[in-house]
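Below is one structure, written out as C-alpha cells; the observations come after it.
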Amino acid sequence: MQTDAILHLNLNRRGGLSRRNFLQSAALGIGGSSLLSQFRLHAEDLKKEGRSCILLWLAGAPSQMETWDPKPGTPNGGETKKIQTQSPGVEIAHYWPKIAAAMNEIAVIRAMTGKEAAHERGTYHLHTGHRMLGIEKFPHFGSVVARELGDPQSDIPNFVSIGQTLSSGFLGVQVAPFIIDRPGLLPDNVVNSTSNLRQRRRLALLSQQESEFAKAGATELVKEQSELYQKANLMMTSPRLKAFQFDDEPAVMQEAYGKSQTGQGLLVARRLVEAEVPFVEVRSTGWDMHSSVFSSMARRAPEVDQGLSQLLLDLKQRGLLEKTLVLCMGEFGRTPKINARGPAPGRDHWVRNFNLLMAGAGIKGGQVIGKTDENGQEIIEDPVQVDDLFQSMCKAMHMDADMELHTPVGRPVRLVDGGAVIKGLFG
C-alpha cells in the first residue's frame, strides 16, 4: 500500500535536503501546483459550510453476518445472534449493543456489492471510488475533500489519518494525508528538536540551497518546496495543534470513548473536526477473520462499538453531526458459508454483498437500505454499487460528483465515474 509523507520538518546537518530527496519531494507537489491554479467556482461557499467527514476504516473487511446483517437460525448464521436496535424493525448482530442504542442516527447499507476481493485492491476501490487499473494513482477521497473544502493557508493539515492509509495520488503532496500513529499525542515531527538559533541557520542554508536549484531552472519546484516549509513552520507554532492532544479533554470523556486505539482515535477525530479539519480517517485493524470469526469478533467489536457510538452522541450534542458525515466500512465482506479452518471456523473473502454504516450530514438514520436473502448469499433488494456510495458521499459533503480532476499530464478524469445517489438515504 502506498503512503506519502506530507511534511518533512527535520533538516540535515547542513540545513538542507539532499538533492535526491529535494527533487523527489518537490516532484510530488507538481500535481498540487497545477491544480491550485484551477480553483473551483464555489469553493469558498463550500468551505463556509464547515462540512467534515470522519471515516472509520475497519481494515481486513469485517463479516457482514457478524455486524449489520446477521442470519441466526440459518445454515450460514453460525453462533451470531441478533438484537433489536433503538429503531423498530432494525436488528443487528449481538456484538454491538451500543451501536444498537444509537441506531436512530445511522443508516445501514446492507446491499453493497463490489468488484475487488483482494485487500489492497478493495481498499483502493473503497477509498478512491476507482478500481486499480492502469497507471494512474487516483487520490484518496479525503484528499479531494481537503482540496475542495480545506483552507490552503491552514496552519494544520486538511486531511489527517490516524494510522496508515492511501496517498493523495496524482493530486500531490499539498493534500496528502498527515499520518499519526498515537492518538492523543503530538506527532513527533512537529516538535522542533533543535534550538531556535540552529533552526534559523538551517533554514537560511535551505534558502541558499533552494536559490541554487532555482538558478538551475527548478523555479517551480523550489516554490512548491518553499510553500511546504512555510506550512511546516505554521504548524509548529499553531495553537490548533492542541486538537491532537488530550490535555484539556476531561477524563470522563476520554473514558467514554474507550481507552483503545480506535476509541482514542475517534476522540481525536472529533477534536480535529472541531478544529475545522475537513477529513479525518481512523484506522482499526484486525478484521480479516479467516478463522475463529466468532471469538475474534467478540474480542474486536467492543472497542468500535463504544468509540463509534460515543462519537455519534458527542457530535450530536455539540451540534456537529448535521454537517459531519460519518462512515464505518471495510474493503469487502466475508463468505456467507462458514469455512472449516482451524483452530476454529471463519469466513473468507466475499465481494458479492457486504455492508457499512453511514450517519450525519443529512443522512436519515434508523433505516436499512438493501436486503439479502435468508442465507445471506444474494442481494434481493436495492443493490448499491461503489459508484453509488461515492455519489452519496459527495452529496453529503455538498461536492459535485461530476467534477473533473486533472492528472499531471492534463488528462481529465471524473471524481465519480457513474452511479447515482442511494435512493432514500437522505431525509
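Every value quoted in this text rests on a predicted model; they were computed, and no experiment measured them.
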Worksheet item: Could you go step by step and tell me if D400 and L415 meet the side chain to side chain contact (heavy atoms under 4.5 Å, CB included) rule?
Response: CA-CA 8 Å; D400 181 8; L415 172 58; over 6 Å; no
Fill in: Worked check of side chain to side chain contact (heavy atoms under 4.5 Å, CB included) between M397 and L149
CA-CA 9 Å; M397 299 301 289; L149 307 187; 3.6 Å; yes
Worksheet item: Can you check side chain to side chain contact (heavy atoms under 4.5 Å, CB included) on M399 and V144, steps first, answer last?
Response: CA-CA 10 Å; M399 287 166 41; V144 181; 3.8 Å; yes
Worksheet item: Passes side chain to side chain contact (heavy atoms under 4.5 Å, CB included), C53 versus V280? Steps please.
Response: CA-CA 6 Å; C53 178; V280 184; over 6 Å; no
Worksheet item: Given the rule in the salt bridge (Lys or Arg N to Asp or Glu O under 4.0 Å) test, do K71 and D69 qualify, once you have shown the distances and angles that lead to the verdict?
Response: CA-CA 7 Å; K71 304 290 184 183; D69 193 16; 3.4 Å; yes
Practice prompt. Determine, step by step, whether H140 and S167 satisfy the side-chain hydrogen bond (donor to acceptor under 3.5 Å, both in side chains) criterion, reporting the C-alpha distance in whole Å, the side-chain angles of both residues, the deciding distance to 0.1 Å, and the verdict.
Written response: CA-CA 6 Å; H140 190 307; S167 79; over 6 Å; no
Discussion item. Between N104 and S87, is the side-chain hydrogen bond (donor to acceptor under 3.5 Å, both in side chains) condition met? List the steps.
Written reply: CA-CA 6 Å; N104 277 1; S87 303; 2.8 Å; yes
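Formation of a donor-acceptor pair under 3.5 Å by the Q385 side chain with backbone atoms of G419 is not found in this model. Proximity of a side-chain donor or acceptor of T113 to a complementary backbone N or O of R352 within less than 3.5 Å is detected. Looking at Q264, its side chain does come within 3.5 Å of a backbone N or O of G258 through a donor-acceptor pair. With hydrogens and angles ignored, the 3.5 Å screen pairs a side-chain donor or acceptor of R334 with a backbone N or O of R347. The closest donor-acceptor contact from the side chain of N339 to the backbone of G346 lies under 3.5 Å. In this structure a side-chain-to-backbone donor-acceptor pair under 3.5 Å is present from T407 to R411. A donor-acceptor contact shorter than 3.5 Å is absent between the side chain of E303 and the backbone of G263. A donor-acceptor contact shorter than 3.5 Å links the side chain of S52 to the backbone of V277. Side-chain atoms of R271 come within 3.5 Å of backbone atoms of Q245 as a donor-acceptor pair (strictly under, hydrogens ignored). At distances below 3.5 Å, at least one donor-acceptor pair connects side-chain atoms of S309 with backbone N or O atoms of D305.
Annotation: side chain to side chain donor-acceptor pair (under 3.5 Å) contacts of E116 (sequence neighbours excluded): R121, R131. Every residue two or more places apart in sequence or in another chain that forms a side chain to side chain contact (heavy atoms under 4.5 Å, CB included) with N76 is listed here: M65, T74, P336, K337, N375, Q377. Not counting sequence neighbours, the partners of E381 by the side chain to side chain contact (heavy atoms under 4.5 Å, CB included) test are K371. For D151, there are no salt bridge (Lys or Arg N to Asp or Glu O under 4.0 Å) partners at least two apart in sequence or on another chain.
To the nearest 0.5 Å, atoms CG (L357) and CD1 (I109) are separated by 8.5 Å. To the nearest 0.5 angstrom, S143 atom OG is 10.5 Å from F170 atom CZ. Rounding to the nearest 0.5 Å gives a distance of 5.5 Å between CG of L321 and CD of E105. Here the OG1 atom belonging to T165 is positioned 7.5 Å from the CG atom belonging to L55, to the nearest 0.5 angstrom. Distance check: D348 CG to M289 CE gives 13.5 Å after rounding to the nearest 0.5 Å. Here the CD1-CZ distance, from I156 to R240, works out to 4.0 Å after rounding to the nearest 0.5 Å.
Proximity of N158 to F279: side-chain heavy atoms (C-beta onward) are nowhere separated by under 4.5 Å. Using a 4.5 Å cut-off on side-chain heavy atoms (C-beta onward), R414 and L405 make no contact. L272 has its side chain out of reach of I54: every pair of non-hydrogen atoms, C-beta onward, lies at least 4.5 Å apart. For the pair H406 and E404, the minimum side-chain heavy-atom distance is below 4.5 Å. Residues Q261 and V282 fail the side-chain proximity criterion, which asks for heavy atoms closer than 4.5 Å. Residues F294 and E79 form a side-chain contact, since some pair of their non-hydrogen atoms from C-beta on lies under 4.5 Å apart. In this structure, M358 and L425 have side chains that are in contact, with non-hydrogen atoms separated by less than 4.5 Å. Looking at L311 and V326, their side chains come closer than 4.5 Å, going by heavy atoms from C-beta outward.
Geometrically, K364 does not engage F426 in a cation-pi contact defined by less than 6.0 Å to the ring centre and at most 45° from the axis. By the 6.0 Å and 45° rule, R300 stacks over the aromatic ring of W287.
The heavy-atom pair separating V386 from G114 by the smallest distance is CG2-CA, 4.4 Å. When all heavy atoms of L320 and V273 are compared, the pair lying nearest together is CD1-CG1, 4.4 Å. The two residues I162 and A269 have their closest heavy-atom pair at CD1-N, 4.3 Å. In terms of heavy atoms, P278 sits closest to G150 at CG-CA, 3.9 Å. Contact detail for P239 and D155: the closest heavy-atom pair is CD-OD2, 4.2 Å. Between V384 and I422, the closest heavy-atom pair is CG1-CD1, 3.7 Å.
Between H125 and F332, the distance from one ring center to the other does not fall under 6.0 angstrom. When ring centroids are compared, H130 and Y124 stay outside the 6.0 Å threshold. For H127 and F138, the gap between ring centers reaches or exceeds 6.0 Å.
Salt bridge status for D382 with K423: absent, with no side-chain N to carboxylate O gap under 4.0 Å. Under 4.0 Å is where a charged nitrogen must lie from a carboxylate oxygen, and between R283 and D181 no such pair does. One finds a salt bridge joining E249 and R270 here, because a Lys/Arg side-chain nitrogen approaches an Asp/Glu carboxylate oxygen to under 4.0 Å.
Residue-environment remark: NZ (K259) exceeds the threshold of 12 foreign heavy atoms within 6.0 Å. At most 12 heavy atoms of other shown residues, nucleotides or ligands fall within 6.0 angstrom of atom CD in E322.
Applying the ring pair (Phe, Tyr, Trp, His ring centres under 6.0 Å) definition to pairs two or more places apart or across chains, those involving residues 353-404 are F141-F390.
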Distance-only donor-acceptor hits, side chain of residues 91-101, under 3.5 Å, sequence neighbours excluded:
| from | atom 1 | to | atom 2 | distance (Å) |
| --- | --- | --- | --- | --- |
| E91 | OE1 | K82 | NZ | 3.1 |
| H94 | ND1 | K81 | N | 3.0 |
| H94 | ND1 | K81 | O | 3.4 |
| Y95 | OH | T80 | OG1 | 3.1 |
| W96 | NE1 | E66 | O | 2.9 |

